[in-house]
Number of protein chains: 2
Amino acid sequence: MQNSEAIALSAVLLAAAGELTQRIHEGVVARGFEGVRPAHGFTFARLASDGATVTEIAAHLGVTKQAASQIVEELVRKGYVERRPHPEDARARLVVLTELGWACTRAAEEAAADAVGAWAEVLGEREMRALRTLLTSIAPYGPIKPAW
Amino acid sequence: MQNSEAIALSAVLLAAAGELTQRIHEGVVARGFEGVRPAHGFTFARLASDGATVTEIAAHLGVTKQAASQIVEELVRKGYVERRPHPEDARARLVVLTELGWACTRAAEEAAADAVGAWAEVLGEREMRALRTLLTSIAPYGPIKPAW
DNA sequence: ACTATTTGGTCAAGCTGCTTGACCATAATG
DNA sequence: CATTATGGTCAAGCAGCTTGACCAAATAGT
């Protein structure tokens with residue numbers, strides 16, 4: 001593997017990821033959900049299965065818990081999530097999606113499906129599976145940090 | 001293509017891109033270049049071939065020209081680029097990499113090669129070429145916008 | 001048991017990186 | 001050669017994050 005090949009691979013990977021992010025965002029907006037940013041989408045993804053605490057969200061996003069707390073506050077204000085008392089820890093508060101939050105999550109999924117679908121039209125089903133398999137082999141396990 | 005598959009593909013793509021960005025950044029820092037952010041790397045990439053004007057950099061990064069101007073100012077201060085008079089337009093100024101800027105660019109390329117090389121050890125050369133081919137087919141042509 | 005430390009969360013203040021708005025100098029257009 | 005468009009900077013403001021201080025509940029130490 002020469003350097004130039006590594007650069008080329010990096011460039012197309014970053015370009016594809018950037019475009020995907022942008023398209024998902026545009027698709028969500030087009031479906032009527034305004035004032036939501038990609039970071040909110042990553043938050044929703046973490047909340048989708050049973051909710052999470054502020055600290056867990058912070059770890060998921062790779063930010064401080066103060067930042068996560070502010071994000072949650074904003075999402076509460078906009079009606080996407082709500083804070084409930086934590087069933088096992090009186091200090092903690094469980095953040096869960098509201099019905100609006102679920103609707104927005106589904107919109108994001110549809111937008112993702114649209115964007116990916118456009119790729120499928122170019123590559124075909126078979127190649128898409130190959131792509132997914134390859135990426136799955138190299139993607140890290142941890143949280144998806146929107147870090148760049 | 002079902003929604004769930006699109007989500008899975010999106011997740012691994014974003015995870016891989018996030019990890020790559022982070023590793024490149026860490027690699028650049030490890031090679032002794034401090035105070036440089038991913039956005040600077042995207043700037044360097046645009047400057048590498050013959051330099052660019054502030055307006056061109058702005059378009060490349062997807063930000064306003066004021067923001068691009070500030071970024072250039074910072075890079076000048078840190079010694080990575082310099083402003084030269086534009087040979088054809090007295091209004092414009094051509095921003096070019098200094099020797100330090102070139103060194104930093106090479107460091108980023110090495111870091112990218114390291115990160116990609118780690119994937120090659122998992123996938124093998126053949127699969128890496130397949131991955132690159134697939135991604136090249138779906139990546140947009142325009143500037144790489146670090147947008148999320 | 002009860003002190004001491006850790007952990008979950010918020011409040012407050014500050015910084016960084018971007019934005020919008022105004023403006024100047026040069027180029028392109030009629 | 002007057003008008004408009006373009007490249008660039010200065011200034012002010014804002015959004016999203018950080019660090020620092022703090023409180024309440026849980027956990028650990030003896």
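This one's a predicted model, so the numbers in the text were calculated from it and none came from an experiment. Residue numbers start from 1 in every chain, and the chains themselves are labelled A, B, ... in the order their sequence lines are given, proteins ahead of strands. We use all heavy atoms of the structure for the numbers below, so side chains are in, but hydrogens, waters and symmetry mates are not.
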Expected string for nucleotides 1-8 of chain D under the B/S/- scheme (protein heavy atoms, under 4.0 Å, primed atoms plus P, OP1, OP2 as sugar-phosphate) is ----BBBB
Specify the angle, to 10°, made by the local axes at the two ends of the helix from C/dA1-D/dT30 to C/dG30-D/dC1 when five pairs are taken at each end.
30°
Which is it for A/Val36 and A/Leu75 under the side-chain contact (heavy atoms from CB on, under 4.5 Å) test, yes or no, and what are the steps along the way?
CA-CA 8 Å; A/Val36 348; A/Leu75 290 175; 5.8 Å; no
Atom [atom1] of [X] and atom [atom2] of [N]: how far apart are they, to the nearest Å?
X	N	atom1	atom2	answer
B/His40	C/dC18	NE2	C1'	12 Å
A/Leu75	D/dG16	CG	P	11 Å
A/Gln66	C/dG14	CD	P	16 Å
A/Ile57	C/dG8	CD1	P	13 Å
A/Glu88	D/dA25	CD	P	17 Å
A/Gln70	C/dG9	CD	C1'	12 Å
A/Arg84	C/dG9	CZ	C1'	19 Å
A/Glu74	C/dC11	CD	P	15 Å

B/Arg84 atom CZ, over 12 foreign heavy atoms within 6.0 Å:
no
Would you say the side-chain atoms of [X] pair up with the backbone N or O of [Y], donor to acceptor, closer than 3.5 Å?
X	Y	answer
A/Arg31	A/Gly27	yes
A/Glu56	A/Thr53	yes
B/Thr21	B/Ala17	yes

Min side-chain heavy-atom separation A/Trp119-B/Leu13 under 4.5 Å:
yes
Tightest non-hydrogen contact, residues B/Gly51 and B/Arg46, listed as O-NH1, 3.9 Å
Ignoring hydrogens, what is the shortest heavy-atom contact between A/Val76 and A/Glu82? Give both atom names and the distance.
CG2-CA, 4.4 Å
On DNA chain D, more 5' by nearest nucleotide between A/Ala90 and A/Ala67 is A/Ala67
Nearest-neighbour nucleotide for the A/Ile71 side chain, C/dC18, D/dC17, D/dA21 considered:
D/dC17
For A/Phe44, ring pair (Phe, Tyr, Trp, His ring centres under 6.0 Å) partners two or more places apart:
A/Tyr80
